[in-house]
Protein chains: 2
Amino acid sequence: MNPLPDATDDHDAWVEFQQFLRRRGERITQPRRIILQRALQCRDHFRAEELAAALAQADRPVSRGTVYRTLGLLVEAGLLREIRDGDVHVHYEVTVGREHHEHMVCDRCGRFIEFSDADIAEQLDHACRKHNFHQRTHRIVIFGLCEKCAEKRGTGNPSPTGGG
Amino acid sequence: MNPLPDATDDHDAWVEFQQFLRRRGERITQPRRIILQRALQCRDHFRAEELAAALAQADRPVSRGTVYRTLGLLVEAGLLREIRDGDVHVHYEVTVGREHHEHMVCDRCGRFIEFSDADIAEQLDHACRKHNFHQRTHRIVIFGLCEKCAEKRGTGNPSPTGGG
DNA sequence: ATTACTGCAAAGCATTTGCAAATGC
DNA sequence: GCATTTGCAAATGCTTTGCAGTAAT
């Protein structure tokens, strides 16, 4: 939930979503447009609940139910990606206009670090061929400590949870 | 939830869990033993709710609350692994006595296919070094269609969701 | 004897859903 | 004009929690 001050490139995404809706015989509505625009303004991960809360008290409010329903559509349309790691609840991430990438999640500060590697993608393709599996997409998450938190650990700071 | 007819190798795991509990100054109890044994009998993924339901009506019943609490301990002890893909809710998988592996999840039938690849692990290590990230563990999931479901798709069967 | 653990049942919370009104086609 | 979508709020289902009794140390 870090809305950018300006969102000039949401037009393309909206056109793409319209095409998706038309293809599926579903309707192009104001709430759907509002939800997409707001989702695109989130530069990093966000939860449905956050977006719903933000839109409930927005200029042109949209209800919780509609937000949840529309996020599902946006995922199906390929404009958003579901993230199910590091938290019990689903997170979303904008994928439109971005290259596929993976994540490292810091156990300590919860920060997400993005990375991508063509070789890894190739290895996964290979594994799929071996198992006759037809890949649609994939997800890689590495858990551990980011550079800063590893340094803190090194200085002898106690773990945030590690009481005793 | 596929209990094996015989479970001869749960002794080692129980000893390991006991050691973990002692180290943490927690108590070795019957319910904890029962829960571990039952979890070990699940050859694939299971949900807390499933295990809780099974144990609630078991020979020596254990309550839901205790199951949830103990599963958390088992994860901390490293005997189970949390899985957060393919479903909103957490899945668990036995890790003790097994090598680390990754998953392919079928979009259609939900089946999990396990695979492992040393080269991929090496690539991930490399990526971590590049980002000064200290890996604790990682998780890879490939989404798509398994062999059988891909064949069904090929025969012209309509998609389960795709009305049109 | 002391203190943690369990069982129970109720609370908590994100998400889903039913239905009347509104909107898009 | 008709069917879909929305908004609202209540329901749902998994998970957590408080408290009194029980069991482990």
Side-chain angles (χ1 to χ4, degrees), chain A residues 1 14 17-36 38 45-77 80 82-84 86-92 163-164, chain B residues 1 14 17-36 38 45-77 80 82-92 161 163-164:
Chain A
M1 298 308 308
W14 174 233
F17 193 32
Q18 282 179 299
Q19 288 171 346
F20 168 83
L21 291 171
R22 246 186 278 277
R23 220 180 305 133
R24 296 248 302 218
E26 301 198 23
R27 293 183 178 172
I28 288 137
T29 68
Q30 278 302 305
R32 284 172 178 175
R33 185 182 178 188
I34 293 165
I35 292 163
L36 171 60
R38 189 64 181 244
H45 299 179
F46 61 92
R47 282 178 295 159
E49 171 226 348
E50 293 174 325
L51 197 73
L55 283 172
Q57 56 174 36
D59 199 40
R60 200 176 298 277
V62 179
S63 73
R64 234 181 308 282
T66 302
V67 170
Y68 278 92
R69 281 180 283 230
T70 303
L71 285 176
L73 287 172
L74 286 167
V75 169
E76 290 188 61
L80 296 183
E82 279 185 16
I83 310 284
R84 294 177 189 273
D87 194 349
V88 180
H89 303 295
V90 182
H91 286 228
Y92 293 90
Chain B
M1 297 308 308
W14 174 232
F17 193 32
Q18 282 179 300
Q19 289 172 345
F20 169 84
L21 291 171
R22 247 186 275 277
R23 220 180 304 134
R24 297 247 302 217
E26 301 197 23
R27 292 183 180 173
I28 288 137
T29 67
Q30 278 302 306
R32 284 172 179 175
R33 185 182 178 188
I34 293 165
I35 291 162
L36 171 60
R38 188 64 181 244
H45 299 179
F46 61 91
R47 280 178 297 157
E49 172 228 346
E50 292 173 325
L51 198 73
L55 283 171
Q57 57 174 37
D59 200 40
R60 201 177 296 278
V62 179
S63 71
R64 233 183 306 284
T66 302
V67 170
Y68 278 90
R69 282 181 281 230
T70 304
L71 286 175
L73 287 172
L74 287 166
V75 169
E76 290 187 63
L80 296 183
E82 280 185 14
I83 309 284
R84 295 177 189 274
D85 301 283
D87 194 349
V88 180
H89 303 295
V90 182
H91 287 228
Y92 293 90
T161 54

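Throughout, a chain's letter reflects where its sequence line sits, starting with A, and its residues are numbered from 1. Note that the coordinates shown come from a computational prediction; the quantities given were computed from them, not determined experimentally.
- The interatomic distance linking I28(B) (CD1) with dT3(C) (C1') rounds to 15 Å, in whole Å.
- Using a 4.0 Å heavy-atom distance criterion, A48(B) is classed as a sugar-phosphate-only contact.
- Summarising the geometry, the separation between CG on L55(B) and C1' on dC8(C) is reported as 16 Å, rounded to the nearest angstrom.
- One can place CG of L71(B) at 13 Å from C1' of dT16(D), the figure rounded to the nearest angstrom.
- Smallest separation of non-hydrogen atoms from W14(A) and L36(A): CA-CD2, 3.5 Å.
- The nearest whole Å value for the distance from the CZ atom in R24(B) to the C1' atom in dC5(C) is 14 Å.
- The distance from atom CG of L80(B) to atom CZ of F46(B), rounded to the nearest 0.5 Å, is 5.0 Å.
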Summary of protein contacts for nucleotides 1-12 of chain D, nucleotide by nucleotide, where a base hit scores B, a sugar-phosphate-only hit scores S (4.0 Å, heavy atoms): --BBSBBB----
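- dC5(C) atom C1' lies 16 Å from atom CZ of R22(B), rounded to whole Å.
- Going from atom CD of E50(B) over to atom P of dG13(D) covers 15 Å, rounded to whole Å.
- Annotation: the span from D59(A) atom CG to R38(A) atom CZ amounts to 10.0 Å, rounded to 0.5 Å.
- For the pair L21(B) CG and dA4(C) C1', the interatomic distance rounds to 12 Å; values are reported in whole Å.
- With rounding to the nearest 0.5 angstrom, the CD1 atom of I28(A) is 9.5 Å from the CD atom of Q19(A).
- In this structure a side-chain-to-backbone donor-acceptor pair under 3.5 Å is present from R32(B) to R27(B).
- Going from atom OH of Y68(A) over to atom P of dC13(C) covers 13 Å, rounded to whole Å.
- With a 4.5 Å cut-off on side-chain heavy atoms, L55(A) and T66(A) do not count as touching.
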